[in-house]
Amino acid sequence: MTVRCAGIILGIALLPVGCLGNDPCVEDPLQRVRAEVLNYAMDAVERVHDVMEPRADNSGDRFILLMARDIVDAFLHLLEAFYTQMCLLSGCAACALEVGLAAVGEGRASTMAEPYRQMDDRLVIFTELFDSAVVMAEEEEERRRSPSPLPGKRDTVANIRSDLATVRQEGLAYKLDRVFARAAVAAHSGQALGEGADRQLMEASMLGQNFVATLHAQLAEAFNLLPQLALEGRHLPGLQGGWGLGPYFKYLNHDSTARLELIALLRGERHAAWPFARSSALCSRPELHAPIADQPHHDASGTFSWNGAPAYDLLKIIERSGRPLSYTYWTVRTATQFGKEIPCEAAVGLLFDPARCLDEQGWGGSVYFVNPDPQPREKERLYVQWRPRAWKSERSLENPLWKAYLDPITPPSEPMDILSLSPLAGNCELLRTLVTADSMTMARLVYAPINPVLPPPIQAEPNFTKFWVDHRNWSRVLHKAGTLDGARLLESGQRYFLAQCSLESTYRMLKPI
(Lines give C-alpha, C1' and ligand atoms only; values in the text may rest on other atoms or scores of the structure.)
Protein backbone atom coordinates (compact mmCIF):
# COMPACT_ATOMS: atom_id res chain seq x y z
CA MET A 1 0.00 0.00 0.00
CA THR A 2 2.94 2.33 0.58
CA VAL A 3 3.80 2.19 -3.10
CA ARG A 4 0.23 2.89 -4.12
CA CYS A 5 -0.08 5.83 -1.75
CA ALA A 6 3.22 7.27 -2.90
CA GLY A 7 2.22 6.80 -6.51
CA ILE A 8 -1.07 8.63 -6.04
CA ILE A 9 0.42 11.53 -4.14
CA LEU A 10 3.37 11.82 -6.52
CA GLY A 11 1.14 11.65 -9.59
CA ILE A 12 -1.20 14.35 -8.33
CA ALA A 13 1.65 16.60 -7.20
CA LEU A 14 3.22 16.52 -10.68
CA LEU A 15 0.02 17.22 -12.61
CA PRO A 16 0.46 20.99 -13.09
CA VAL A 17 3.77 20.49 -14.91
CA GLY A 18 3.45 21.53 -18.58
CA CYS A 19 0.11 23.37 -18.19
CA LEU A 20 0.32 26.88 -19.62
CA GLY A 21 -1.99 29.81 -20.39
CA ASN A 22 -5.70 29.01 -20.39
CA ASP A 23 -5.14 25.28 -20.38
CA PRO A 24 -8.02 23.59 -18.51
CA CYS A 25 -5.41 21.91 -16.29
CA VAL A 26 -5.01 25.08 -14.24
CA GLU A 27 -8.62 26.27 -14.22
CA ASP A 28 -11.40 25.70 -11.73
CA PRO A 29 -13.05 23.44 -10.78
CA LEU A 30 -10.26 20.96 -11.59
CA GLN A 31 -7.79 22.85 -9.40
CA ARG A 32 -10.11 22.60 -6.40
CA VAL A 33 -10.71 18.92 -7.10
CA ARG A 34 -6.97 18.26 -7.37
CA ALA A 35 -6.28 20.04 -4.08
CA GLU A 36 -9.06 18.20 -2.25
CA VAL A 37 -8.08 14.81 -3.64
CA LEU A 38 -4.48 15.40 -2.58
CA ASN A 39 -5.55 16.45 0.94
CA TYR A 40 -7.84 13.46 1.33
CA ALA A 41 -5.15 11.06 0.11
CA MET A 42 -2.55 12.46 2.49
CA ASP A 43 -4.98 12.36 5.38
CA ALA A 44 -5.88 8.73 4.66
CA VAL A 45 -2.21 7.72 4.55
CA GLU A 46 -1.55 9.54 7.83
CA ARG A 47 -4.46 7.72 9.46
CA VAL A 48 -3.01 4.36 8.43
CA HIS A 49 0.32 5.44 9.87
CA ASP A 50 -1.35 6.49 13.12
CA VAL A 51 -2.94 3.08 13.72
CA MET A 52 0.05 1.04 12.58
CA GLU A 53 1.48 -0.96 15.47
CA PRO A 54 4.92 -2.46 14.70
CA ARG A 55 4.45 -5.06 17.43
CA ALA A 56 1.28 -6.49 15.88
CA ASP A 57 1.96 -10.20 15.99
CA ASN A 58 -0.99 -12.48 16.61
CA SER A 59 -3.84 -13.03 14.17
CA GLY A 60 -6.09 -10.49 15.90
CA ASP A 61 -3.45 -7.77 15.67
CA ARG A 62 -2.70 -8.47 12.03
CA PHE A 63 -6.40 -8.58 11.27
CA ILE A 64 -6.82 -5.02 12.56
CA LEU A 65 -3.96 -3.81 10.37
CA LEU A 66 -5.27 -5.72 7.35
CA MET A 67 -8.68 -4.14 7.82
CA ALA A 68 -7.17 -0.64 8.11
CA ARG A 69 -5.12 -1.18 4.99
CA ASP A 70 -8.07 -2.51 3.00
CA ILE A 71 -10.37 0.38 3.91
CA VAL A 72 -7.81 3.03 2.99
CA ASP A 73 -6.78 1.12 -0.13
CA ALA A 74 -10.35 1.20 -1.43
CA PHE A 75 -10.67 4.90 -0.56
CA LEU A 76 -7.47 5.73 -2.46
CA HIS A 77 -8.72 3.81 -5.49
CA LEU A 78 -11.92 5.80 -5.34
CA LEU A 79 -10.02 9.12 -5.19
CA GLU A 80 -7.90 8.11 -8.14
CA ALA A 81 -10.91 7.08 -10.21
CA PHE A 82 -12.68 10.37 -9.41
CA TYR A 83 -9.70 12.51 -10.34
CA THR A 84 -9.01 10.53 -13.53
CA GLN A 85 -12.57 11.03 -14.72
CA MET A 86 -12.52 14.72 -13.82
CA CYS A 87 -9.35 15.14 -15.88
CA LEU A 88 -10.94 13.45 -18.87
CA LEU A 89 -14.12 15.47 -18.50
CA SER A 90 -12.26 18.80 -18.29
CA GLY A 91 -10.11 18.09 -21.31
CA CYS A 92 -6.84 18.34 -19.41
CA ALA A 93 -4.69 16.09 -21.56
CA ALA A 94 -1.66 16.27 -19.28
CA CYS A 95 -3.34 15.16 -16.07
CA ALA A 96 -5.53 12.63 -17.87
CA LEU A 97 -2.42 11.08 -19.37
CA GLU A 98 -0.51 10.97 -16.06
CA VAL A 99 -3.26 9.56 -13.88
CA GLY A 100 -5.04 7.57 -16.56
CA LEU A 101 -1.96 5.62 -17.57
CA ALA A 102 -1.05 5.01 -13.93
CA ALA A 103 -4.52 3.66 -13.26
CA VAL A 104 -4.55 1.41 -16.32
CA GLY A 105 -1.00 0.24 -15.63
CA GLU A 106 -1.95 -1.02 -12.18
CA GLY A 107 -5.20 -2.59 -13.32
CA ARG A 108 -7.42 -0.20 -11.39
CA ALA A 109 -11.08 0.39 -12.09
CA SER A 110 -11.84 3.55 -14.10
CA THR A 111 -15.35 3.85 -12.67
CA MET A 112 -16.46 5.15 -9.30
CA ALA A 113 -18.81 2.26 -8.59
CA GLU A 114 -16.22 -0.51 -8.12
CA PRO A 115 -13.92 1.13 -5.53
CA TYR A 116 -17.01 2.51 -3.79
CA ARG A 117 -18.52 -0.98 -3.55
CA GLN A 118 -15.29 -2.31 -2.04
CA MET A 119 -15.11 0.47 0.53
CA ASP A 120 -18.79 0.14 1.41
CA ASP A 121 -18.48 -3.63 1.87
CA ARG A 122 -15.47 -3.27 4.14
CA LEU A 123 -17.02 -0.57 6.29
CA VAL A 124 -20.25 -2.52 6.65
CA ILE A 125 -18.39 -5.60 7.86
CA PHE A 126 -16.37 -3.36 10.17
CA THR A 127 -19.58 -2.11 11.83
CA GLU A 128 -20.76 -5.73 12.22
CA LEU A 129 -17.44 -6.67 13.77
CA PHE A 130 -17.63 -3.75 16.18
CA ASP A 131 -21.20 -4.67 17.16
CA SER A 132 -20.08 -8.22 17.96
CA ALA A 133 -17.23 -6.83 20.08
CA VAL A 134 -19.73 -4.69 22.02
CA VAL A 135 -21.94 -7.71 22.69
CA MET A 136 -18.98 -9.79 23.91
CA ALA A 137 -17.80 -6.95 26.15
CA GLU A 138 -21.23 -6.66 27.74
CA GLU A 139 -21.54 -10.42 28.25
CA GLU A 140 -18.31 -10.55 30.26
CA GLU A 141 -18.91 -7.29 32.12
CA GLU A 142 -19.23 -9.01 35.50
CA ARG A 143 -15.86 -10.72 35.05
CA ARG A 144 -13.98 -7.60 34.01
CA ARG A 145 -12.01 -5.37 36.31
CA SER A 146 -13.12 -2.26 34.47
CA PRO A 147 -15.92 -1.66 31.95
CA SER A 148 -15.11 -1.81 28.27
CA PRO A 149 -15.21 1.53 26.38
CA LEU A 150 -16.79 -0.11 23.33
CA PRO A 151 -20.49 0.03 24.38
CA GLY A 152 -20.14 3.81 24.69
CA LYS A 153 -19.30 3.98 20.96
CA ARG A 154 -22.59 2.50 19.76
CA ASP A 155 -23.85 5.87 18.51
CA THR A 156 -20.69 6.41 16.46
CA VAL A 157 -21.07 3.04 14.77
CA ALA A 158 -24.77 3.71 14.19
CA ASN A 159 -23.87 6.99 12.46
CA ILE A 160 -21.40 5.23 10.19
CA ARG A 161 -24.00 2.63 9.28
CA SER A 162 -26.65 5.33 8.66
CA ASP A 163 -24.35 7.39 6.44
CA LEU A 164 -23.39 4.31 4.44
CA ALA A 165 -27.05 3.48 3.90
CA THR A 166 -27.81 7.06 2.76
CA VAL A 167 -24.98 7.09 0.22
CA ARG A 168 -26.05 3.66 -1.00
CA GLN A 169 -29.69 4.72 -1.43
CA GLU A 170 -28.81 7.92 -3.26
CA GLY A 171 -26.60 6.00 -5.67
CA LEU A 172 -24.02 8.78 -5.88
CA ALA A 173 -21.29 6.57 -7.35
CA TYR A 174 -23.55 5.43 -10.18
CA LYS A 175 -24.76 9.00 -10.84
CA LEU A 176 -21.16 10.12 -11.20
CA ASP A 177 -20.37 7.25 -13.54
CA ARG A 178 -23.34 8.23 -15.73
CA VAL A 179 -22.17 11.85 -15.88
CA PHE A 180 -18.67 10.76 -16.81
CA ALA A 181 -19.98 8.26 -19.36
CA ARG A 182 -22.12 10.88 -21.14
CA ALA A 183 -19.16 13.23 -21.33
CA ALA A 184 -16.91 10.48 -22.67
CA VAL A 185 -19.41 9.58 -25.42
CA ALA A 186 -19.72 13.22 -26.44
CA ALA A 187 -15.95 13.68 -26.51
CA HIS A 188 -15.43 10.46 -28.48
CA SER A 189 -18.01 11.52 -31.11
CA GLY A 190 -16.27 14.86 -31.55
CA GLN A 191 -19.28 16.94 -30.50
CA ALA A 192 -18.66 20.50 -29.37
CA LEU A 193 -19.52 20.62 -25.72
CA GLY A 194 -19.35 24.36 -25.10
CA GLU A 195 -21.42 25.48 -22.14
CA GLY A 196 -22.75 21.96 -21.72
CA ALA A 197 -19.25 20.77 -20.87
CA ASP A 198 -18.84 23.44 -18.23
CA ARG A 199 -22.20 22.52 -16.74
CA GLN A 200 -21.31 18.83 -16.67
CA LEU A 201 -17.93 19.61 -15.17
CA MET A 202 -19.48 21.67 -12.38
CA GLU A 203 -22.16 19.05 -11.76
CA ALA A 204 -19.59 16.25 -11.55
CA SER A 205 -17.30 18.36 -9.38
CA MET A 206 -19.95 19.22 -6.80
CA LEU A 207 -21.47 15.74 -6.79
CA GLY A 208 -18.06 14.05 -6.54
CA GLN A 209 -16.68 16.31 -3.83
CA ASN A 210 -19.76 15.77 -1.65
CA PHE A 211 -19.51 12.04 -2.27
CA VAL A 212 -15.80 11.86 -1.39
CA ALA A 213 -16.25 14.09 1.67
CA THR A 214 -18.97 11.80 3.03
CA LEU A 215 -16.86 8.67 2.58
CA HIS A 216 -13.84 10.38 4.09
CA ALA A 217 -15.89 11.27 7.18
CA GLN A 218 -16.93 7.62 7.52
CA LEU A 219 -13.32 6.50 7.15
CA ALA A 220 -12.23 8.97 9.83
CA GLU A 221 -14.91 7.74 12.25
CA ALA A 222 -13.94 4.11 11.67
CA PHE A 223 -10.24 4.80 12.20
CA ASN A 224 -10.98 6.58 15.47
CA LEU A 225 -12.51 3.31 16.68
CA LEU A 226 -9.79 0.95 15.43
CA PRO A 227 -7.33 1.42 18.35
CA GLN A 228 -10.06 0.68 20.91
CA LEU A 229 -11.08 -2.40 18.95
CA ALA A 230 -7.44 -3.51 18.85
CA LEU A 231 -7.03 -3.08 22.61
CA GLU A 232 -10.21 -5.08 23.17
CA GLY A 233 -8.76 -7.87 21.06
CA ARG A 234 -5.57 -7.88 23.12
CA HIS A 235 -7.10 -8.16 26.57
CA LEU A 236 -7.12 -11.96 26.21
CA PRO A 237 -4.25 -14.15 24.96
CA GLY A 238 -4.05 -16.30 21.85
CA LEU A 239 -6.86 -16.36 19.32
CA GLN A 240 -9.46 -15.29 21.87
CA GLY A 241 -10.21 -11.98 20.17
CA GLY A 242 -12.62 -9.41 21.44
CA TRP A 243 -15.09 -9.91 18.59
CA GLY A 244 -17.34 -12.55 17.12
CA LEU A 245 -16.12 -15.12 14.62
CA GLY A 246 -18.98 -14.46 12.17
CA PRO A 247 -17.94 -11.02 10.89
CA TYR A 248 -14.28 -11.98 11.39
CA PHE A 249 -14.40 -14.79 8.84
CA LYS A 250 -16.81 -12.83 6.67
CA TYR A 251 -14.21 -10.13 6.31
CA LEU A 252 -11.39 -12.58 5.70
CA ASN A 253 -13.45 -14.22 2.96
CA HIS A 254 -13.66 -10.91 1.11
CA ASP A 255 -12.80 -11.37 -2.56
CA SER A 256 -9.99 -8.83 -2.35
CA THR A 257 -8.09 -10.57 0.44
CA ALA A 258 -5.05 -12.44 -0.85
CA ARG A 259 -5.11 -16.12 0.03
CA LEU A 260 -1.52 -16.09 1.23
CA GLU A 261 -2.30 -13.21 3.57
CA LEU A 262 -5.33 -15.11 4.83
CA ILE A 263 -3.29 -18.22 5.58
CA ALA A 264 -0.59 -16.21 7.33
CA LEU A 265 -3.21 -14.31 9.27
CA LEU A 266 -5.04 -17.33 10.59
CA ARG A 267 -2.10 -19.65 11.17
CA GLY A 268 0.68 -17.22 12.05
CA GLU A 269 2.99 -18.62 9.38
CA ARG A 270 6.01 -16.68 10.51
CA HIS A 271 5.96 -18.61 13.76
CA ALA A 272 6.00 -21.84 11.77
CA ALA A 273 9.34 -20.79 10.29
CA TRP A 274 10.99 -20.43 13.67
CA PRO A 275 13.92 -22.82 14.09
CA PHE A 276 13.09 -25.42 16.70
CA ALA A 277 16.66 -25.73 17.91
CA ARG A 278 18.76 -23.88 20.43
CA SER A 279 21.95 -24.00 18.36
CA SER A 280 22.26 -20.95 16.16
CA ALA A 281 24.95 -19.01 14.35
CA LEU A 282 23.67 -16.01 16.26
CA CYS A 283 25.35 -17.33 19.37
CA SER A 284 28.74 -16.75 17.79
CA ARG A 285 28.01 -13.10 16.96
CA PRO A 286 30.77 -10.99 18.58
CA GLU A 287 28.34 -8.33 19.77
CA LEU A 288 26.66 -10.93 21.98
CA HIS A 289 29.90 -11.60 23.81
CA ALA A 290 31.28 -8.14 24.38
CA PRO A 291 34.44 -7.89 26.45
CA ILE A 292 34.41 -6.28 29.86
CA ALA A 293 33.59 -2.63 29.27
CA ASP A 294 35.22 0.46 30.75
CA GLN A 295 31.78 1.55 31.98
CA PRO A 296 28.76 -0.59 32.83
CA HIS A 297 25.65 -0.41 30.66
CA HIS A 298 22.03 -0.40 31.78
CA ASP A 299 20.49 -3.68 30.70
CA ALA A 300 16.83 -4.68 30.22
CA SER A 301 16.46 -5.69 33.83
CA GLY A 302 17.20 -2.23 35.17
CA THR A 303 20.52 -3.36 36.63
CA PHE A 304 24.06 -2.49 35.58
CA SER A 305 26.04 -5.11 33.72
CA TRP A 306 29.76 -5.13 32.93
CA ASN A 307 29.66 -7.91 30.37
CA GLY A 308 27.51 -9.13 27.48
CA ALA A 309 24.50 -7.33 26.01
CA PRO A 310 21.11 -6.34 27.49
CA ALA A 311 18.07 -8.50 26.71
CA TYR A 312 16.40 -5.91 24.48
CA ASP A 313 19.54 -5.57 22.32
CA LEU A 314 19.82 -9.35 22.04
CA LEU A 315 16.23 -9.62 20.87
CA LYS A 316 16.69 -6.84 18.29
CA ILE A 317 19.75 -8.66 16.90
CA ILE A 318 17.66 -11.80 16.62
CA GLU A 319 14.94 -9.84 14.83
CA ARG A 320 17.41 -8.33 12.36
CA SER A 321 18.63 -11.83 11.53
CA GLY A 322 15.25 -12.60 9.95
CA ARG A 323 13.54 -14.21 12.93
CA PRO A 324 10.53 -12.01 13.76
CA LEU A 325 9.66 -11.21 17.36
CA SER A 326 6.27 -11.69 18.96
CA TYR A 327 6.89 -8.97 21.58
CA THR A 328 5.65 -11.44 24.16
CA TYR A 329 7.33 -12.69 27.32
CA TRP A 330 6.80 -15.57 29.72
CA THR A 331 7.91 -14.90 33.25
CA VAL A 332 7.59 -17.29 36.20
CA ARG A 333 7.43 -15.75 39.67
CA THR A 334 6.59 -16.99 43.13
CA ALA A 335 3.02 -16.69 44.37
CA THR A 336 4.11 -14.18 47.01
CA GLN A 337 4.92 -11.70 44.22
CA PHE A 338 1.32 -11.52 43.01
CA GLY A 339 -0.03 -7.98 43.12
CA LYS A 340 3.40 -6.49 43.81
CA GLU A 341 4.22 -4.35 40.81
CA ILE A 342 7.95 -3.63 40.86
CA PRO A 343 9.27 -0.98 38.46
CA CYS A 344 12.00 -1.80 35.99
CA GLU A 345 14.70 -0.04 37.99
CA ALA A 346 13.96 -2.16 41.07
CA ALA A 347 13.96 -5.55 39.27
CA VAL A 348 17.48 -6.43 40.41
CA GLY A 349 19.21 -9.03 42.51
CA LEU A 350 16.83 -11.63 43.87
CA LEU A 351 13.96 -9.83 42.07
CA PHE A 352 15.78 -9.80 38.71
CA ASP A 353 13.20 -10.02 35.94
CA PRO A 354 13.85 -8.59 32.44
CA ALA A 355 10.14 -9.00 31.64
CA ARG A 356 9.32 -6.06 33.91
CA CYS A 357 11.34 -3.67 31.74
CA LEU A 358 10.01 -5.14 28.51
CA ASP A 359 6.51 -4.70 29.91
CA GLU A 360 7.16 -1.00 30.42
CA GLN A 361 8.24 -0.80 26.78
CA GLY A 362 4.88 -2.11 25.58
CA TRP A 363 5.50 -5.86 25.55
CA GLY A 364 2.95 -8.25 26.98
CA GLY A 365 2.76 -11.87 27.95
CA SER A 366 2.02 -14.53 30.51
CA VAL A 367 2.96 -14.19 34.18
CA TYR A 368 2.96 -17.50 36.06
CA PHE A 369 2.65 -17.35 39.84
CA VAL A 370 3.95 -20.61 41.32
CA ASN A 371 3.50 -21.74 44.91
CA PRO A 372 6.54 -23.94 45.77
CA ASP A 373 4.73 -25.37 48.80
CA PRO A 374 4.20 -29.11 48.13
CA GLN A 375 1.18 -29.10 50.48
CA PRO A 376 -0.51 -25.72 50.04
CA ARG A 377 -3.67 -24.65 51.81
CA GLU A 378 -5.36 -24.25 48.46
CA LYS A 379 -5.32 -27.05 45.93
CA GLU A 380 -4.07 -24.91 43.06
CA ARG A 381 -0.33 -24.21 43.01
CA LEU A 382 -0.32 -22.19 39.80
CA TYR A 383 -2.16 -19.06 38.68
CA VAL A 384 -1.67 -17.44 35.27
CA GLN A 385 -2.14 -13.75 34.55
CA TRP A 386 -2.24 -12.30 31.04
CA ARG A 387 -0.67 -8.91 30.42
CA PRO A 388 -1.98 -7.47 27.10
CA ARG A 389 0.54 -5.91 24.75
CA ALA A 390 0.28 -2.16 24.26
CA TRP A 391 -1.18 -0.72 21.07
CA LYS A 392 0.33 2.65 20.10
CA SER A 393 1.45 3.16 23.72
CA GLU A 394 -2.04 2.38 25.07
CA ARG A 395 -2.84 -0.81 26.95
CA SER A 396 -6.04 -2.58 27.92
CA LEU A 397 -6.79 -2.28 31.63
CA GLU A 398 -7.78 -5.95 31.75
CA ASN A 399 -5.25 -8.36 33.28
CA PRO A 400 -7.27 -11.61 33.46
CA LEU A 401 -6.17 -14.21 36.01
CA TRP A 402 -7.06 -17.89 35.99
CA LYS A 403 -6.15 -21.16 37.69
CA ALA A 404 -3.87 -23.55 35.83
CA TYR A 405 -2.13 -26.91 36.26
CA LEU A 406 1.42 -27.28 37.49
CA ASP A 407 1.68 -31.02 36.81
CA PRO A 408 1.45 -31.31 33.88
CA ILE A 409 2.05 -27.59 33.49
CA THR A 410 -0.37 -25.55 31.39
CA PRO A 411 1.69 -24.01 28.55
CA PRO A 412 1.22 -20.36 27.52
CA SER A 413 -1.31 -19.74 24.76
CA GLU A 414 1.06 -17.64 22.61
CA PRO A 415 4.67 -18.00 21.45
CA MET A 416 7.13 -15.85 23.34
CA ASP A 417 10.50 -14.24 22.81
CA ILE A 418 11.85 -14.51 26.32
CA LEU A 419 11.41 -16.86 29.27
CA SER A 420 12.47 -15.68 32.70
CA LEU A 421 12.47 -17.83 35.85
CA SER A 422 12.67 -16.23 39.28
CA PRO A 423 15.02 -17.94 41.78
CA LEU A 424 12.21 -17.60 44.31
CA ALA A 425 9.96 -19.89 42.24
CA GLY A 426 12.25 -22.83 41.46
CA ASN A 427 15.46 -24.02 39.86
CA CYS A 428 16.42 -25.97 36.72
CA GLU A 429 14.01 -28.74 37.70
CA LEU A 430 11.11 -26.34 37.11
CA LEU A 431 12.90 -24.85 34.10
CA ARG A 432 12.97 -28.28 32.43
CA THR A 433 9.20 -28.50 32.89
CA LEU A 434 8.71 -25.03 31.43
CA VAL A 435 10.76 -25.37 28.25
CA THR A 436 9.28 -28.78 27.39
CA ALA A 437 5.64 -27.83 28.08
CA ASP A 438 4.74 -27.19 24.44
CA SER A 439 6.32 -26.45 21.06
CA MET A 440 5.41 -22.79 21.48
CA THR A 441 7.60 -22.56 24.59
CA MET A 442 10.70 -22.31 22.39
CA ALA A 443 11.71 -18.90 23.65
CA ARG A 444 14.40 -16.85 21.90
CA LEU A 445 16.12 -16.09 25.20
CA VAL A 446 16.00 -17.98 28.48
CA TYR A 447 16.94 -16.28 31.74
CA ALA A 448 17.57 -18.97 34.34
CA PRO A 449 19.03 -18.57 37.84
CA ILE A 450 22.17 -20.57 38.64
CA ASN A 451 24.34 -21.29 41.67
CA PRO A 452 27.25 -18.83 41.26
CA VAL A 453 29.69 -20.75 43.49
CA LEU A 454 29.70 -23.95 41.40
CA PRO A 455 31.72 -23.37 38.20
CA PRO A 456 31.82 -25.83 35.27
CA PRO A 457 32.29 -28.74 35.02
CA ILE A 458 30.65 -29.27 38.43
CA GLN A 459 27.11 -30.60 38.07
CA ALA A 460 24.48 -30.08 40.78
CA GLU A 461 20.68 -30.17 40.81
CA PRO A 462 19.44 -29.49 44.37
CA ASN A 463 15.97 -30.52 45.45
CA PHE A 464 14.30 -27.12 45.46
CA THR A 465 11.10 -28.34 47.12
CA LYS A 466 13.02 -29.76 50.09
CA PHE A 467 15.06 -26.56 50.30
CA TRP A 468 11.90 -24.43 50.24
CA VAL A 469 10.29 -26.37 53.12
CA ASP A 470 13.50 -26.23 55.20
CA HIS A 471 13.95 -22.54 54.44
CA ARG A 472 10.38 -21.77 55.47
CA ASN A 473 10.88 -23.57 58.79
CA TRP A 474 14.18 -21.71 59.34
CA SER A 475 12.50 -18.35 58.64
CA ARG A 476 9.63 -19.11 61.00
CA VAL A 477 12.03 -19.97 63.85
CA LEU A 478 13.93 -16.70 63.36
CA HIS A 479 10.75 -14.68 63.09
CA LYS A 480 9.34 -16.23 66.26
CA ALA A 481 12.60 -15.52 68.11
CA GLY A 482 12.63 -11.96 66.83
CA THR A 483 16.07 -12.36 65.23
CA LEU A 484 15.07 -11.96 61.57
CA ASP A 485 17.14 -8.80 61.03
CA GLY A 486 18.76 -7.30 57.94
CA ALA A 487 21.70 -9.68 57.97
CA ARG A 488 19.38 -12.67 58.16
CA LEU A 489 17.29 -11.31 55.27
CA LEU A 490 20.43 -11.01 53.17
CA GLU A 491 21.31 -14.57 54.08
CA SER A 492 17.81 -15.64 53.09
CA GLY A 493 18.33 -14.31 49.57
CA GLN A 494 21.71 -16.01 49.33
CA ARG A 495 20.13 -19.31 50.31
CA TYR A 496 17.80 -19.13 47.30
CA PHE A 497 20.76 -18.79 44.95
CA LEU A 498 22.58 -21.67 46.64
CA ALA A 499 19.49 -23.80 45.97
CA GLN A 500 19.89 -23.28 42.23
CA CYS A 501 21.44 -25.73 39.80
CA SER A 502 25.02 -25.27 38.66
CA LEU A 503 25.77 -23.62 35.35
CA GLU A 504 27.00 -26.91 33.89
CA SER A 505 23.78 -28.73 34.84
CA THR A 506 21.59 -25.96 33.45
CA TYR A 507 23.58 -25.91 30.21
CA ARG A 508 23.41 -29.68 29.77
CA MET A 509 19.68 -29.62 30.45
CA LEU A 510 18.94 -26.88 27.86
CA LYS A 511 21.33 -27.99 25.11
CA PRO A 512 19.28 -30.88 23.62
CA ILE A 513 15.93 -29.07 23.88
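Being a predicted model, the structure only gives us computed values, none of them experimental.
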Minimum-distance pair of heavy atoms, taken over all atoms of [X] and [Y]:
| X | Y | value |
| --- | --- | --- |
| Cys428 | Glu461 | SG-CG, 3.8 Å |
| Pro151 | Ser148 | CD-O, 3.3 Å |
| Tyr447 | Ala311 | OH-CB, 2.9 Å |
| Pro423 | Tyr496 | O-CD2, 3.5 Å |
| Thr436 | Arg432 | OG1-O, 2.6 Å |
| Gln385 | Asn399 | NE2-O, 3.5 Å |

Under a 3.5 Å distance rule, please check whether [X] uses its side chain to pair with a backbone N or O of [Y] as donor and acceptor.
| X | Y | result |
| --- | --- | --- |
| Ser502 | Ile458 | yes |
| Glu394 | Pro227 | no |
| Ser162 | Ala158 | no |
| Asn159 | Asp155 | yes |
| Asp417 | Tyr329 | no |
| Thr328 | Ser326 | yes |
| Asn427 | Pro462 | yes |
| Arg381 | Val370 | no |
| Ser505 | Ala460 | yes |
| Lys340 | Thr336 | yes |

Open item on the list: Is it the case that the ring center of His471 lies less than 6.0 angstrom away from the ring center of Trp474?
Closed with: yes

Could I get the full list of salt bridge (Lys or Arg N to Asp or Glu O under 4.0 Å) partners for [X], not counting sequence neighbours?
| X | value |
| --- | --- |
| Glu138 | Arg154 |
| Asp163 | none |
| Glu221 | none |
| Asp359 | Arg387, Arg395 |

How far does [atom1] of [X] sit from [atom2] of [Y], to the nearest 0.5 angstrom?
| X | Y | atom1 | atom2 | result |
| --- | --- | --- | --- | --- |
| Leu78 | Asp73 | CG | CG | 11.5 Å |
| Gln118 | His77 | CD | NE2 | 7.5 Å |
| Lys403 | Glu380 | NZ | CD | 4.0 Å |
| Thr127 | Gln218 | OG1 | CD | 10.5 Å |

In the structure I gave you, are the side-chain heavy atoms of [X] and [Y] within less than 4.5 Å of one another anywhere?
| X | Y | answer |
| --- | --- | --- |
| Asn371 | Thr334 | no |
| Gln375 | Val469 | no |
| Trp363 | Leu315 | yes |
| Pro455 | Leu503 | no |
| Tyr40 | Leu76 | no |
| Leu350 | Phe497 | yes |
| Arg323 | Arg444 | yes |
| Leu421 | Pro449 | yes |

All ring pair (Phe, Tyr, Trp, His ring centres under 6.0 Å) counterparts of [X], not counting sequence neighbours:
| X | answer |
| --- | --- |
| Phe464 | Phe467 |
| His479 | none |
| Phe338 | Phe369 |

Practice item. Apply side-chain contact (heavy atoms from CB on, under 4.5 Å) to the pair Tyr312 and Ile317, showing each step before the final yes or no. Key: CA-CA 9 Å; Tyr312 182 80; Ile317 292 172; over 6 Å; no

Does [X] have any side-chain contact (heavy atoms from CB on, under 4.5 Å) partners at least two apart in sequence or in another chain, and if so, which?
| X | value |
| --- | --- |
| Ile409 | Tyr368, Leu382, Leu406, Thr433, Leu434, Ala437 |
| Asp120 | Tyr116, Val124, Leu164, Arg168 |
| Asp43 | Arg47, His216 |
| Glu360 | Pro343, Cys344 |

ask   = Would Glu319 and Tyr327 satisfy side-chain hydrogen bond (donor to acceptor under 3.5 Å, both in side chains), going step by step from the backbone distance to the final call?
value = CA-CA 11 Å; Glu319 185 177 43; Tyr327 296 94; 3.0 Å; yes

Gln337 vs Leu351, side-chain contact (heavy atoms from CB on, under 4.5 Å): CA-CA, chis, key distance, verdict = CA-CA 9 Å; Gln337 292 178 283; Leu351 301 179; 3.8 Å; yes

In sequence, state the C-alpha distance, the side-chain angles, and the governing distance for Phe130 and Ile160, and then conclude on side-chain contact (heavy atoms from CB on, under 4.5 Å). CA-CA 11 Å; Phe130 202 93; Ile160 295 175; over 6 Å; no

Side chain to side chain contact (heavy atoms under 4.5 Å, CB included) test vs Ser420 passes for just one of Leu445, Val446, Val332, Thr331, namely Thr331

| field | Neighbour count >12 (heavy atoms, 6.0 Å) for atom OH, Tyr383 | value | yes

- prompt: Got more than 12 heavy atoms from elsewhere within 6.0 Å of NZ, Lys316?
  reply: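 Correct, the count exceeds 12.
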
Evaluate the criterion side-chain contact (heavy atoms from CB on, under 4.5 Å) for residue pair Arg356 and Arg333; output intermediate values, then yes/no.
CA-CA 11 Å; Arg356 293 192 184 276; Arg333 302 168 185 164; 3.5 Å; yes

**salt bridge (charged side-chain N to carboxylate O under 4.0 Å, His left out) assessment of Glu414 paired with Arg389** = CA-CA 12 Å; Glu414 288 197 4; Arg389 289 183 295 275; 3.0 Å; yes

Residue pairs fulfilling salt bridge (Lys or Arg N to Asp or Glu O under 4.0 Å) with at least one residue in residues 472-484, sequence neighbours excluded:
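Checked against salt bridge (Lys or Arg N to Asp or Glu O under 4.0 Å) - neighbours excluded - the pairs reaching residues 472-484 are Asp373-Arg472.
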
### Query
Is the shortest distance from a Lys or Arg side-chain nitrogen in Arg495 or Glu491 to a carboxylate oxygen in the other one below 4.0 Å?
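Yes, charged N to carboxylate O under 4.0 Å.
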
